[in-house]
Amino acid sequence: MAFGLWFTLFELLLKLFLILAFVKKGSAGITSTFTRTKWQSFDIPLDHKVLAIPNGYNAPQQVHITQGDYDGKAVMISWVTADKPGSSRVQYGTSEKKYDFKADGTVANYTFYNYKSGYIHHCLVDGLEYETKYYYKIGEGHSSREFWFQTPPKIDPDSPFTFGIIGDLGQTYNSLSTLEHYMQSGGQTVLFLGDLSYADRYQYNDVGIRWDSWGRFIERSSAYQPWIWSAGNHEIEYMPDVGEVLPFKSFLHRFSTPHLASRSNNPLWYAIRRASAHIIVLSSYSPHVKYTPQWLWLRDELKRVDRKKTPWLIILMHVPIYNSNQAHFMEGESMRAVFEHWFVRHRVDFIFAGHVHAYERSVCTFFLFHVAFSHWGKDKKELDPGIDWNQLLTIAASCGVAFPDHKQGQAQSLWGKVKHKRQDGQNIERKPAPESVYRISNIRYNVSSGYRYPVPNKSAPVYVTFGDGGNQEGLAGRFRDPQPEYSAFREASYGHSTLELKNRTHAFLNWHRNEDGQKVHADSVIFLNRHWASNLRRRRLKKDRLKARGKIDF
């Protein structure tokens, strides 16, 4: 889209904000009353086909990949061989069954109580080209296996990309529903928010066995696209009664992270850049107070963020620092007290967490009908075929629509062109604009003075909890009442989310509920990137000056 159209959109956004400023303030959050009924939360039996061991002697299993460097031109490929070490070599190339390149990795194993793991391989494949499909082969002889992956677009503020977001997955039938629904979503990389296998709910050797079954369970997705890992409390596995006192032992042996590429000294906290996003992973269960290694690293990493290259700044952690559920209430307060002022100062866009087995989103950033209107055809008579109008209007209906007076007629006309119908034939109910729901922070509070409650802060992040993957502990259905004003939507259901980064200015967040086995679109919001929104006019003037000087030709 031409830069001028985005500037026009910003003007319309500002006008709508002024209108909404006169709306009476009050709680506008939604607590969903939906109740799922179909499946109990128990783990899939080990003999189920989705946990099957692949055919062949010493065949690679539990295959998963993650980003292997800072900027997305490398992957770390990991797998397990059960019978003997075998080869740690990866053969790969850009044509199916034609492997022009090779890389050699490492192999190791570990014990947990009396369980002895298979041979765990990690192989770094680097020097890759952006936006390229690679095929790879691992294993030996007739037991070898073949997979593929797609590299991301180059680091650029307008590189579009879709992230999947999953937390607290486990390996139940609900987990399977979540994973299968995610694989239909078009997500390109999973941001995983901790609590992977829930193997720690087992005893003795069964802990390791359930790690193996979970690795086979996720392989249908994780062998083909990167999963970006963060660790939760179920990865700690502190079990002194069986002699296991090393935290994160299984997790650190099985899952690699590119921590060294981001100058971290610990695999539990690190950063990557991918497409138009700068993603920072924090460890809720590692020391993070002032002067600790994680604190020092985050301070330096935030200084490395370049919003001209990666306008979207996303932080992953396991424990939410804002949570209105009775479950795990206030558990994130220590990290909030230490890091929140940095999050506000650096205008972090999103903080994604898990832990609470429900979905909750802060701040209903108002969906504007002008997002759709700005994409209207040049003759103002035809709808742009490149826009998913049904998606946009469904979001408009759920978040409310408001129009500046001078655009009312044109907006009504545009609404009429889509006939008030979604693709599924259901009517779109137009709702009044929501009341005051806003970004908040609590950085002005301390133990002796300051505000007692969070206050509006336009520089604060959006907080979203995704602890809804499907684990065996069940859902956290007891929300605190009244719902805080900053909480825009909350529901205790299993599901997954996607974050669609459209360009440097706009992103779509979608949450999909597992409604008794069916994928249901339950919450959607469009976000405006505040870094670029606050600089649109200045950047437009700069561009015009460069164009006038003949330094650019667009």
Side-chain angles (χ1 to χ4, degrees), residues 60 62-81 85-108 119-140 144-163 187-192 219 221-229 254-267 269-281 301 304-306 308-310 312 314 501:
Q62 306 175 48
V63 183
H64 56 271
I65 67 175
T66 193
Q67 185 160 314
D69 65 350
Y70 197 55
D71 285 336
K73 298 189 72 175
V75 296
M76 179 69 76
I77 302 175
S78 303
W79 70 95
V80 175
T81 51
S87 172
S88 295
R89 174 168 293 179
V90 173
Q91 301 176 67
Y92 64 100
T94 56
S95 299
E96 192 170 7
K97 296 189 180 300
K98 185 179 180 181
Y99 305 108
D100 297 324
F101 310 102
K102 62 184 178 181
D104 292 309
T106 62
V107 61
Y119 298 93
I120 302 169
H121 304 254
H122 299 295
C123 183
L124 179 66
V125 177
D126 57 7
L128 304 174
E129 298 294 327
Y130 286 126
E131 294 189 277
T132 302
K133 187 173 185 178
Y134 286 91
Y135 299 86
Y136 68 98
K137 179 180 177 180
I138 54 178
E140 300 172 302
S144 64
R145 302 180 67 197
E146 297 172 296
F147 305 91
W148 56 265
F149 61 86
Q150 177 86 22
T151 53
K154 66 179 181 180
I155 303 299
D156 184 86
D158 290 312
S159 286
F161 202 79
T162 300
F163 291 99
Q188 298 166 275
T189 292
V190 171
L191 305 179
F192 197 90
E219 183 186 273
S221 170
S222 63
Y224 298 93
Q225 63 175 246
W227 284 40
I228 308 304
W229 303 109
R254 292 173 180 269
F255 300 95
S256 178
T257 67
H259 67 288
L260 295 177
S262 58
R263 307 175 189 176
S264 168
N265 67 348
N266 192 302
W269 56 86
Y270 61 97
I272 62 169
R273 303 195 302 178
R274 196 166 185 88
S276 55
H278 193 122
I279 300 166
I280 294 175
V281 179
E301 182 62 28
R304 298 177 67 189
V305 176
D306 185 352
K308 294 179 181 178
K309 295 180 179 178
T310 51
W312 298 100
I314 303 167
L501 304 182

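No experiment lies behind these values; they were computed from the predicted model shown.
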Inset, instruction - State the CD1-OG distance between Ile280 and Ser262, to the nearest 0.5 angstrom. - result: 9.0 Å
Legend entry - Exercise: identify the closest heavy-atom pair between His122 and Ser78: ND1-OG, 2.6 Å
Legend entry - Note, Glu96 side chain near Glu146 side chain (heavy atom, < 4.5 Å): no
Legend entry - Pair Trp148 and Tyr135, ring centroids less than 6.0 Å apart: no
Legend entry - Contact summary for Ser264 and Tyr270, nearest pair of heavy atoms: CB-CA, 4.4 Å
Inset, instruction - Go through the steps to decide whether Phe101 and Val125 satisfy the test side-chain contact (heavy atoms from CB on, under 4.5 Å), and finish with yes or no. - result: CA-CA 10 Å; Phe101 310 102; Val125 177; over 6 Å; no
Inset, instruction - Enter the distance from Leu128:CG to Tyr92:OH here, rounded to the nearest 0.5 Å. - result: 6.0 Å
Inset, instruction - Step through the shown structure and confirm whether more than 12 heavy atoms of other residues, nucleotides or ligands are within 6.0 Å of CZ on Arg304. - result: yes
Inset, instruction - Hey, could you give me the CD/CZ distance between Gln225 and Phe163, rounded to the nearest 0.5 Å? - result: 10.5 Å
Legend entry - Exercise: identify the closest heavy-atom pair between Phe255 and His64: CD2-NE2, 3.5 Å
Legend entry - Heavy-atom check, side chain of Gln67 versus side chain of Ile228, under 4.5 Å: yes
Inset, instruction - Please report the C-alpha distance between Thr151 and Lys73 in whole Å, then the side-chain angles of each, then the deciding distance to 0.1 Å, and finally whether the side-chain contact (heavy atoms from CB on, under 4.5 Å) criterion is met. - result: CA-CA 7 Å; Thr151 53; Lys73 298 189 72 175; over 6 Å; no
Legend entry - Ile138 vs Phe147 side-chain heavy atoms within contact, under 4.5 Å: yes
Inset, instruction - Give the minimum heavy-atom separation between Pro153 and Ala275, together with the two atoms involved. - result: CG-CB, 3.8 Å
Legend entry - Spacing of Glu129 atom CD and Glu131 atom CD [to the nearest 0.5 Å]: 11.0 Å
Legend entry - N/O donor-acceptor pair under 3.5 Å between Gln91 side chain and Lys102 backbone: no
Inset, instruction - Apply side-chain contact (heavy atoms from CB on, under 4.5 Å) to the pair Thr257 and Trp269, showing each step before the final yes or no. - result: CA-CA 9 Å; Thr257 67; Trp269 56 86; over 6 Å; no
Inset, instruction - Classify the side-chain pair Arg274/Gln188 by whether it contains a donor and acceptor separated by less than 3.5 Å. - result: no
Legend entry - Short side-chain to backbone donor-acceptor contact, Thr66 and Trp227, under 3.5 Å: yes
Legend entry - Criterion side-chain contact (heavy atoms from CB on, under 4.5 Å) on Val90 and Tyr99, from CA distance to verdict: CA-CA 9 Å; Val90 173; Tyr99 305 108; over 6 Å; no
Legend entry - Check: Asp126 and Asp69 side chains under 4.5 Å, non-hydrogen atoms: no
Legend entry - Heavy-atom pair with the smallest gap, counting every atom of Gly72 and Pro152: O-CD, 3.4 Å
Legend entry - Gap between atom CD of Glu140 and atom CZ of Arg89 - 0.5 Å precision: 10.0 Å
Inset, instruction - Take the angle between the ring planes of Phe149 and Tyr136 and call it parallel below 30°, perpendicular above 60°, tilted in between. - result: tilted
Legend entry - Rounded distance [0.5 Å steps], OG1 in Thr132 versus CD in Gln150: 7.0 Å
Legend entry - Sub-4.5 Å side-chain heavy-atom contact between His259 and Asn266: no
Inset, instruction - Heavy atoms only: give me the nearest Ala261-Tyr70 pair and the separation to one decimal. - result: CB-N, 3.7 Å
Legend entry - Check: Ser159 side chain, Ile155 main-chain N or O, donor-acceptor pair, under 3.5 Å: no
Legend entry - His121 and Ser88 side chains, donor-acceptor separation under 3.5 Å: yes
